[in-house]
Amino acid sequence: MDSLHFAIRTKEGSGMNNVLGLLDIQAEPKIQLNKTILSSKSQNHFDTDGKILFDHKTNELYYIFFYRNQILRINRNLNLIDKIKTIDTISVPMIETVKLKDGTTKMSHPSKVINLSTTLHDGLIFNRSSLMGKHEIKESWKSSSIIDVYKINPSQYWGSFYVQHRGGKSLSHMLVTDQYFFALVGNDLIRYKIRQPLTDRMNGVSRKTIKQSRQKFITSKYHEKIKISNFTLSSCYSRCRKRICYHD
């Protein structure tokens, strides 16, 4: 969160349950745990696996569950503000486990990760989902990463857009600023130019397309070359309702 305060996830108790905590370098004790905020819906701790993100503009924490359709909105004191439900339908993950001879537990079959990658910006959540939407075009879903956008005030789904695969590679990381959406796809860094501040667009009724430009980084041991070219514009649409504008 800053140079002295850190949000952490750790294990607690004989069941090795996931818990959230605060690390304050100058305080005593340095670590405070919240043992209840990550509520498990199964007999194992795997269903609470996820990652912590911090929005510096809103000064809030978010916990994104890997295997269920939920995101927790949390303040700096680890108090729950809201439970945000994503448009995916898996609320209770089907996770099979096996107990080993040494007493530890592991997954017997890998569970499907629902929320693959997430980033925050100014009260907006950008989440890459692994599931196909109700009105998704199958060919587009197979050839693109789908980014779902959520507002937090009030918490609701706003819309989605495609990030096309490159050379058989899908989006692995993303970053959002007031003017740009950056996506790392394989060895390509893709920059989406937003025509107006994203927060204005989300709060209004107009859902405009995103102008997209490409930066390809070709890196060798000794130098780096940058090549910039343009390609087709992307459009925003709704995955859980009728489509808004999926044609260019």
Side-chain angles (χ1 to χ4, degrees), residues 9 18 38-42 44-53 62-73 82-97 107-121 124-152 154-176 181-186 190 192 198 202 207 209-210 212 234-247:
R9 193 196 74 185
N18 290 316
L38 298 183
S39 58
S40 177
K41 297 185 177 183
S42 68
N44 59 74
H45 59 270
F46 293 107
D47 73 324
T48 58
D49 276 352
K51 66 178 179 180
I52 306 171
L53 294 178
Y62 292 82
Y63 189 82
I64 296 88
F65 290 98
F66 288 147
Y67 305 116
R68 57 169 123 151
N69 60 347
Q70 191 177 74
I71 298 172
L72 302 182
R73 181 183 173 196
D82 194 10
K83 294 181 179 180
I84 301 170
K85 185 178 180 181
T86 70
I87 61 174
D88 297 311
T89 57
I90 298 179
S91 58
V92 181
M94 301 299 294
I95 300 176
E96 298 181 16
T97 62
M107 288 187 189
S108 56
H109 298 284
S111 182
K112 187 175 184 62
V113 176
I114 305 303
N115 302 311
L116 295 172
S117 180
T118 309
T119 192
L120 309 171
H121 179 66
L124 299 172
I125 302 171
F126 297 78
N127 186 60
R128 182 193 169 199
S129 171
S130 65
L131 301 182
M132 188 168 68
K134 181 178 180 180
H135 298 286
E136 206 80 66
I137 298 175
K138 190 172 184 179
E139 291 74 16
S140 298
W141 177 75
K142 286 184 175 181
S143 62
S144 307
S145 298
I146 313 301
I147 310 302
D148 299 326
V149 185
Y150 299 88
K151 298 167 59 176
I152 64 169
S155 59
Q156 64 183 31
Y157 168 71
W158 181 83
S160 305
F161 57 89
Y162 293 123
V163 177
Q164 293 182 349
H165 296 170
R166 302 281 174 236
K169 302 293 184 179
S170 61
L171 178 146
S172 58
H173 296 84
M174 53 185 168
L175 174 71
V176 181
F181 174 92
F182 295 92
L184 182 61
V185 183
I190 306 170
Y192 294 79
L198 195 56
M202 296 302 172
R207 305 190 182 196
T209 57
I210 303 174
Q212 181 174 305
S234 293
S235 298
C236 292
Y237 66 98
S238 175
R239 291 215 296 151
C240 61
R241 298 184 291 273
K242 68 178 182 180
R243 292 187 177 276
I244 302 301
C245 53
Y246 62 83
H247 292 297

Close side-chain approach of [X] to [Y], heavy-atom, < 4.5 Å:
X	Y	result
I71	I125	yes
S145	H165	yes
L53	T118	yes
L124	W158	no
F182	H173	no
R128	S170	yes

Problem set entry | Aromatic plane relationship, F161 with F126 - under 30° parallel, 30 to 60° tilted, over 60° perpendicular | perpendicular
Problem set entry | F65: partners by ring pair (Phe, Tyr, Trp, His ring centres under 6.0 Å), with sequence neighbours left out | Y63
For this session: Can you sort out the partners of Y67 under ring pair (Phe, Tyr, Trp, His ring centres under 6.0 Å), two or more places apart, ordered by chain and number?
Result: none
Problem set entry | Side-chain donor or acceptor of S172 paired with backbone N/O of L184 under 3.5 Å | yes
For this session: Flag yes if more than 12 heavy atoms outside K169 fall under 6.0 Å of its NZ atom; otherwise flag no.
Result: no
Quick check: closest heavy atoms across [X] and [Y], and the distance to 0.1 Å?
X	Y	result
D47	R68	O-NE, 3.5 Å
R9	N18	NE-OD1, 3.7 Å
W141	S130	CZ2-O, 3.3 Å
A183	Y192	CB-CE1, 4.3 Å
Y150	K85	CE2-O, 4.1 Å
R166	I190	NE-CD1, 3.9 Å

Seminar exercise, completed: Across all chains, not counting sequence neighbours, the side-chain contact (heavy atoms from CB on, under 4.5 Å) partners of S140 are I137, Y162
For this session: Go through the steps to decide whether V113 and D49 satisfy the test side-chain contact (heavy atoms from CB on, under 4.5 Å), and finish with yes or no.
Result: CA-CA 10 Å; V113 176; D49 276 352; over 6 Å; no
What's the separation between atom [atom1] in [X] and atom [atom2] in [Y], rounded to the nearest 0.5 Å?
X	Y	atom1	atom2	value
I114	I64	CD1	CD1	14.5 Å
N127	I84	CG	CD1	10.5 Å
N115	L131	CG	CG	8.5 Å

Exercise. Does one side chain, of S91 or N69, offer a donor that lies under 3.5 Å from an acceptor on the other?
Worked result: no
Exercise. side-chain contact (heavy atoms from CB on, under 4.5 Å) between I147 and V163: does it pass, once the steps are laid out?
Worked result: CA-CA 7 Å; I147 310 302; V163 177; 3.9 Å; yes
Problem set entry | Residues K83, L72; criterion side-chain contact (heavy atoms from CB on, under 4.5 Å); working and verdict | CA-CA 5 Å; K83 294 181 179 180; L72 302 182; 3.7 Å; yes
